[in-house]
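Please read these numbers as outputs of a predicted model, since none were measured by experiment.
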Amino acid sequence: MRRKAQGLMSILFVLTLLTGASAAEAQEGSPILDAAQQALMEKTLQSGTLDIFDAESNQVRNLQRIKVSDQVTRQDDGHVVLADYRDINTGDIVEIEVIVVEDGADYQAEDIRIKGVKALEKDESLKDKEYTDEEIQAFMRNALEKQGQFTDGKIMLFDEDAAKMRNLELLELKDEVRRMGIFYNCRGQFRDADSGDLLGIDVSVENKDGVLMMQALRIRNVRKAPKE
């Protein structure tokens with residue numbers, strides 16, 4: 001029995017060396033991951049996207065979450081949690097690393113930064129593709145659905161006039177798609193899940209060399225819910 005226990009400890013030691021994680025770190029994984037998730041969520045509250053400056057391309061990237069790793073590794077400057085995001089403007093896959101440090105008995109995210117970017121591979125066959133209204137609207141619905149996949153189906157949009165974040169549900173997209181060069185626009189009706197207000201919102205996408213990208217959501221008008 002003692003030999004078996006020693007053998008098990010040897011295996012665990014080898015796995016630790018291979019993964020770069022300590023036994024203590026494995027036990028701490030949950031609060032570290034919680035701190036990383038909380039920091040990423042707080043960064044998206046105002047715009048609904050993770051907006052982060054990319055020094056390599058000298059631009060601010062507007063990122064939509066794909067997944068957050070459930071693995072924790074350790075570096076000299078703290079614990080690291082990785083996450084994959086998609087740039088909603090370019091389609092690039094951006095790998096984010098969240099640096100989490102110990103704060104007494106708790107943990108807090110010290111930094112969120114870009115680790116690497118995998119550029120979208122452009123399909124030359126799509127370069128001159130003309131999209132039908134139905135294809136454009138299908139893309140819009142799918143993009144809106146993805147925006148709400150981590151927020152119970154709600155689309156988060158900051159209302160500057162009301163100075164608050166709205167949690168919106170899509171009710172309908174109007175049939176007409178307006179085309180302005182490489183930009184396509186469709187009017188949609190949304191409901192604020194918290195207040196019941198009805199909002200008219202322009203949904204805009206951009207055609208970048210044949211690839212559709214979500215461009216913006218703009219509030220046109222707000223119809224207040226009737227008071228009870």
Side-chain angles (χ1 to χ4, degrees), residues 12-121 142-160 164-168 193 213-217:
L12 289 174
F13 178 72
V14 172
L15 288 174
T16 295
L17 292 178
L18 291 174
T19 61
S22 66
E25 196 165 10
Q27 294 177 353
E28 296 169 349
S30 181
I32 294 172
L33 290 172
D34 288 346
Q37 292 271 20
Q38 180 65 28
L40 290 170
M41 184 178 295
E42 289 175 355
K43 287 288 187 180
T44 63
L45 282 179
Q46 182 150 339
S47 64
T49 55
L50 177 64
D51 304 321
I52 188 168
F53 182 72
D54 182 356
E56 290 293 326
S57 59
N58 194 32
Q59 65 176 326
V60 174
R61 290 186 179 270
N62 309 118
L63 307 177
Q64 185 178 78
R65 181 164 63 172
I66 299 174
K67 66 177 181 179
V68 178
S69 173
D70 58 1
Q71 300 297 313
V72 177
T73 57
R74 190 173 184 84
Q75 290 184 357
D76 292 340
D77 49 356
H79 308 273
V80 180
V81 177
L82 298 177
D84 288 335
Y85 279 74
R86 183 181 299 279
D87 188 317
I88 65 173
N89 299 308
T90 67
D92 298 340
I93 301 298
V94 181
E95 187 176 33
I96 296 293
E97 56 182 11
V98 185
I99 309 301
V100 179
V101 298
E102 297 182 28
D103 182 18
D106 298 321
Y107 294 90
Q108 66 174 4
E110 184 178 65
D111 193 17
I112 298 175
R113 60 200 186 198
I114 294 176
K115 182 179 182 183
V117 176
K118 181 180 180 182
L120 176 70
E121 295 182 5
N142 185 55
L144 292 170
E145 182 178 331
K146 286 182 178 179
Q147 283 193 26
Q149 64 183 329
F150 298 109
T151 52
D152 296 326
K154 308 298 187 301
I155 300 155
M156 301 175 66
L157 182 65
F158 187 72
D159 184 345
E160 293 185 359
K164 67 177 182 180
M165 182 65 67
R166 289 187 182 270
N167 297 307
L168 304 174
M213 303 289 178
M214 183 63 81
Q215 204 269 336
L217 297 177

Trainee: Considering non-hydrogen atoms only, spot the tightest contact between Ala143 and Gln64 and give its length.
Mentor: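 What the structure gives for the nearest pair is O-NE2, 4.2 Å.
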Trainee: Apply the test side-chain hydrogen bond (donor to acceptor under 3.5 Å, both in side chains) to residues Gln71 and Ser69: give CA-CA distance (whole Å), side-chain angles for both, the deciding distance (0.1 Å), then the verdict.
Mentor: CA-CA 5 Å; Gln71 300 297 313; Ser69 173; 5.6 Å; no
Trainee: Quick one: NZ on Lys146 to CE on Met214, what's the gap to the nearest 0.5 Å?
Mentor: 10.5 Å
Trainee: So do Leu217 and Leu144 actually touch side chain to side chain, heavy atoms under 4.5 Å?
Mentor: yes
Trainee: In Å and rounded to the nearest 0.5 Å, what is the CG to CG distance from Asp34 to Asp106?
Mentor: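 If I round to the nearest 0.5 Å, the distance is 11.0 Å.
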Trainee: Does some side-chain heavy atom of Glu95 sit less than 4.5 Å from a side-chain heavy atom of Lys118?
Mentor: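 No, too far: nothing below the 4.5 Å cut-off.
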Trainee: Does any pair with a residue in residues 42-55 pass salt bridge (charged side-chain N to carboxylate O under 4.0 Å, His left out), and if so which ones, sequence neighbours excluded?
Mentor: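 Sorted result for residues 42-55: Asp54-Arg61.
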Trainee: Using 0.5 Å steps for rounding, measure from the CG atom of Asn142 to the CD atom of Gln147.
Mentor: 11.0 Å
Trainee: For Ile99 and Val80, run side chain to side chain contact (heavy atoms under 4.5 Å, CB included): C-alpha distance rounded to whole Å, both residues' side-chain angles, the deciding distance at 0.1 Å, then the answer.
Mentor: CA-CA 5 Å; Ile99 309 301; Val80 180; 3.7 Å; yes
Trainee: Considering all heavy atoms of both residues, which atom of Ala109 and which atom of Val98 are nearest to each other, and what is their separation?
Mentor: CB-CG1, 3.9 Å
Trainee: Measure the OG-CD1 distance between Ser57 and Ile114 for me, rounded to the nearest 0.5 Å.
Mentor: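 Ser57 atom OG to Ile114 atom CD1 measures 7.0 Å (nearest 0.5 Å).
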Trainee: Rounded at 0.5 Å granularity, tell me how far CG in Asn167 sits from CD1 in Ile155.
Mentor: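 Interatomic distance, Asn167 CG to Ile155 CD1, rounded to 0.5 Å: 10.0 Å.
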Trainee: Would you say Glu56 and Val117 make side-chain contact, with heavy atoms under 4.5 Å?
Mentor: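 Sidechains of Val117 and Glu56: no contact.
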Trainee: Nearest heavy-atom pair of Tyr85 and Ile96: which atoms, and what distance?
Mentor: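 Heavy atoms only, the tightest pair is CD1-CG1, 3.9 Å.
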Trainee: Starting at CZ of Arg65, measure out to CG of Leu50 and round the result to the nearest 0.5 Å.
Mentor: 10.0 Å
Trainee: By the definition side chain to side chain contact (heavy atoms under 4.5 Å, CB included), identify the one residue from Thr44, Ile88, Leu40, Ile52 that meets it with Leu63.
Mentor: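 It is Ile52, the one option of Thr44, Ile88, Leu40, Ile52 that forms the side chain to side chain contact (heavy atoms under 4.5 Å, CB included) with Leu63.
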Trainee: Testing Val94, Ile66, Val68 for side chain to side chain contact (heavy atoms under 4.5 Å, CB included) with Asp84, which one passes?
Mentor: Ile66
Trainee: On a heavy-atom basis, which atom in Ala35 and which in Tyr107 lie closest, and how many Å separate them?
Mentor: CB-O, 3.8 Å
